[in-house]
Amino acid sequence: MQTIKLLIDGQFVESQTSEWREVINPATQTVLARVPVATAREVEAAVGAAKRAFAGWRYTPIGTRARIFLRYQQLIREHTQEIAALLTAEQGKTLADAEGDVFRGLEVVEHAANIGTLQMGELANNVAGGIDTYTLQQPLGVCAGITPFNFPAMIPLWMFPMAIACGNTFVLKPSEQDPMCTMRLVELALQAGIPAGVLNVVHGTAPVVDALCDHPDVKAISFVGSTRVGTHVYERANRAGKRVQCMMGAKNHAVVLPDANKEQTLNALAGSSFGAAGQRCMAVSVVVLVGAANQWVPELVERAKSLKVGDGAAQGTEVGPLISKAARERVERLIASGQVEGAHIELDGREPALESTLQSGNFVGPTIFSKVKPGMSIYDEEIFGPVLCLCQAETLDEAIAFINRNPNGNGTSIFTQSGAAARKFQEEIEVGQVGINVPIPVPVPLFSFTGSRASKLGDLGPYGKQAVLFYTQTKTVTARWFDDQTVAPLNTTISLSK
Ligand code: NAD
């Protein structure tokens, strides 16, 4: 069986650990590989290599750094299908979704290749007599990234390219559930020219993450994952004096006004709620139907019913499996709780019709509840499965107030043909990423990912301008120069032409 390696100081090495996890194809239960839980010594070696490499990498000219990412984006393009196939095998999403996962990461790599203009400081000339003030955006040192299972290509690529392009070195801890496509991306990064020690990878679970949070030589941590773990990472790494950003769980509401384009809206809702089996942090998981839009429920149910559940690698599949048996059991438990707690089940996706080879896979089909209320577990918890909750409101004001009462702030959308309604929503909604007739409003890397409230800890988001600020220390220099030979002090009246 394939063994996933660690990357330490430019070498892919076999872990000396005695603790291993299996990487399992969630559609078929085939064991694809085993992944180590790195030992404390291995974590130490990875951080040590990154620290040594920083001494040289921080002074590598900006053009040299940028050109590595130009080569890297080309390599990712050339290998997209291969990486997507690996991703589907270990994660379950459809091949089209997997290619999208790679592509959204690739866009960040393209952006990292622009580091020359992104990492520029500012200068104010002559702030006082003969004095200039300017800023340097200097790299921090060793940075670490901890990533979730649901975007094993995109999310690692949110992190190490921007960190390294800024002049830092990096230790990545991928999800232990699907590390294979991440490792392929790491191999390509080395092929693109990232020097030994600048990028390192350790695998594992809580102890490995905790070791990174505690290590005095790690200066910043970027985490993406659940709210429970993200809160722990934020508090622990903060206590150790690090800069930390944590992108966490969500409950994304879409508001549907009765004037919305019905066809487009229903397609968008079905795709964003059930695509990737609902395992997207920006999936729509609650729809607030306003007024007459409540009459659209039967058509939404029909659309959800028509989605084909199956192996993500098979042609025509629209909803793949959940990542693990445990995830499937949890989603099924939550569906059962919805019935007990008084929601009305419009469509039950438990035990979907499947081909005989997939009977042991972790499948749950599209599920829809109506009459959902706060206080029910299906509303209060992030289900992270293909389960959509429908709620009602009489007016847009009521819908906005309802969403603002939910603690999460990752994403929200409104579907309407009214510019005035959309603008009111954009202004009054307390959620960091807003879609207008766009169900999954994840910004491209010219901007930054700006989830808010309970979905995020730390001020700065991944990629874009905010990532440059996260991965650099702003140093302000206030300078005055005297040259007695050629130039008299500038705060006197002597002419420069003398
Ligand atoms: P998770 O929190 O279980 O795991 C994330 C990472 O933390 C993994 O690398 C894992 O090994 C590590 N980890 C797990 N338990 C730990 C512990 N007790 N102590 C320290 N580290 C631990 O998340 P997941 O299930 O892999 O991913 C799904 C979650 O990620 C969902 O909540 C989803 O909303 C969230 N997510 C958020 C965003 C965002 O941008 N806001 C993006 C993608 C996913």
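Positions are given from 1, in the same order as the sequence printed here. Reckoned from all heavy atoms, side chains included, excluding hydrogens, waters and symmetry mates.
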Of all the heavy-atom pairs spanning [X] and [Y], show the shortest one and how long it is.
X      : Y      : value
Ser455 : Ala250 : OG-CA, 4.0 Å
Ala270 : Leu300 : N-CD1, 4.4 Å
Asn252 : Cys281 : ND2-O, 2.7 Å
Leu6   : Ala38  : CD2-CB, 4.1 Å
Pro441 : Gly435 : CG-N, 3.5 Å
Ala313 : Thr88  : N-CG2, 3.5 Å

Donor-acceptor pair, side chain of [X] and main chain of [Y], under 3.5 angstrom:
X      : Y      : result
Tyr463 : Pro443 : yes
Lys173 : Gly204 : yes
Asn362 : Arg328 : no
Lys465 : Val468 : no
Gln279 : Ile323 : yes
Arg34  : Met1   : no

So, taking the atom named [atom1] in [X] and the one named [atom2] in [Y], what distance separates them when rounded to the nearest 0.5 Å?
X      : Y      : atom1 : atom2 : answer
Phe223 : Arg236 : CZ    : CZ    : 13.5 Å
Glu110 : Leu106 : CD    : CG    : 4.5 Å
Ile440 : Asn410 : CD1   : CG    : 11.5 Å
Thr317 : Leu307 : OG1   : CG    : 11.0 Å
Cys213 : Ile146 : SG    : CD1   : 5.0 Å
Lys219 : Lys242 : NZ    : NZ    : 7.0 Å

Could you give me the CA-CA distance, side-chain angles and deciding distance for Leu87 and Asp101, then say whether side chain to side chain contact (heavy atoms under 4.5 Å, CB included) is met? CA-CA 9 Å; Leu87 199 164; Asp101 192 332; 3.5 Å; yes
Please step through side chain to side chain contact (heavy atoms under 4.5 Å, CB included) for the pair Asp97 and Arg280, ending with a clear verdict. CA-CA 11 Å; Asp97 261 351; Arg280 295 183 183 126; 3.4 Å; yes
Does a sphere of radius 6.0 Å around [atom1] in [X] hold more than 12 heavy atoms from other residues, nucleotides or ligands, not counting ones at 6.0 Å or beyond?
X      : atom1 : value
Arg350 : CZ    : yes
Gln29  : CD    : yes
Glu355 : CD    : no
Glu351 : CD    : no
Glu187 : CD    : yes

Side chains of Asn408 and His253: do they bring a donor and an acceptor to under 3.5 Å? no
Below 30° counts as parallel, above 60° as perpendicular, anything between as tilted: where do the rings of Phe170 and Phe160 land? tilted
Describe, in one word, how the ring planes of Phe384 and Phe149 are oriented to each other, choosing from parallel (under 30°), tilted (30 to 60°) and perpendicular (over 60°). perpendicular
Look at Glu381 together with Arg333 and state whether they make a salt bridge at an N to O cut-off of under 4.0 Å. no
Is the closest basic N to carboxylate O distance between Glu329 and Lys325 below 4.0 Å? no
With side-chain contact (heavy atoms from CB on, under 4.5 Å) as the test, pick out the partner of Thr367 among Ile383, Ile345, Leu388, Ile378. Ile345
Side chains of [X] and [Y]: does their closest heavy-atom pair fall under 4.5 Å?
X      : Y      : value
Phe470 : Arg243 : yes
His215 : Val171 : no
Leu157 : Tyr72  : yes
Val301 : Pro298 : no
Lys308 : Gln315 : no
Val209 : Val229 : no
Ile436 : Phe425 : no
Lys424 : Ile400 : yes

Steps toward salt bridge (Lys or Arg N to Asp or Glu O under 4.0 Å) verdict (Lys305, Glu346): CA-CA 10 Å; Lys305 250 188 207 164; Glu346 302 274 356; over 6 Å; no
Apply salt bridge (Lys or Arg N to Asp or Glu O under 4.0 Å) to residues Asp178 and Lys93 and explain how you reach the verdict. CA-CA 12 Å; Asp178 48 13; Lys93 64 177 73 174; over 6 Å; no
Side chain to side chain donor-acceptor pair (under 3.5 Å), that's the test. Do Glu42 and Ser15 meet it? Break it down for me. CA-CA 8 Å; Glu42 289 162 345; Ser15 173; 2.8 Å; yes
Apply side chain to side chain contact (heavy atoms under 4.5 Å, CB included) to residues Val387 and Leu334 and explain how you reach the verdict. CA-CA 9 Å; Val387 182; Leu334 278 161; over 6 Å; no
For the pair Leu396 and Ile414, evaluate side chain to side chain contact (heavy atoms under 4.5 Å, CB included) and give the outcome as yes or no after the intermediate values. CA-CA 10 Å; Leu396 177 56; Ile414 184 166; 3.9 Å; yes
What's the verdict on side chain to side chain donor-acceptor pair (under 3.5 Å) for Glu341 and Ser377, showing C-alpha distance, side-chain angles and the deciding distance? CA-CA 8 Å; Glu341 292 174 4; Ser377 305; 3.1 Å; yes
Can the ring centres of Phe151 and Phe449 be said to be less than 6.0 Å apart? no
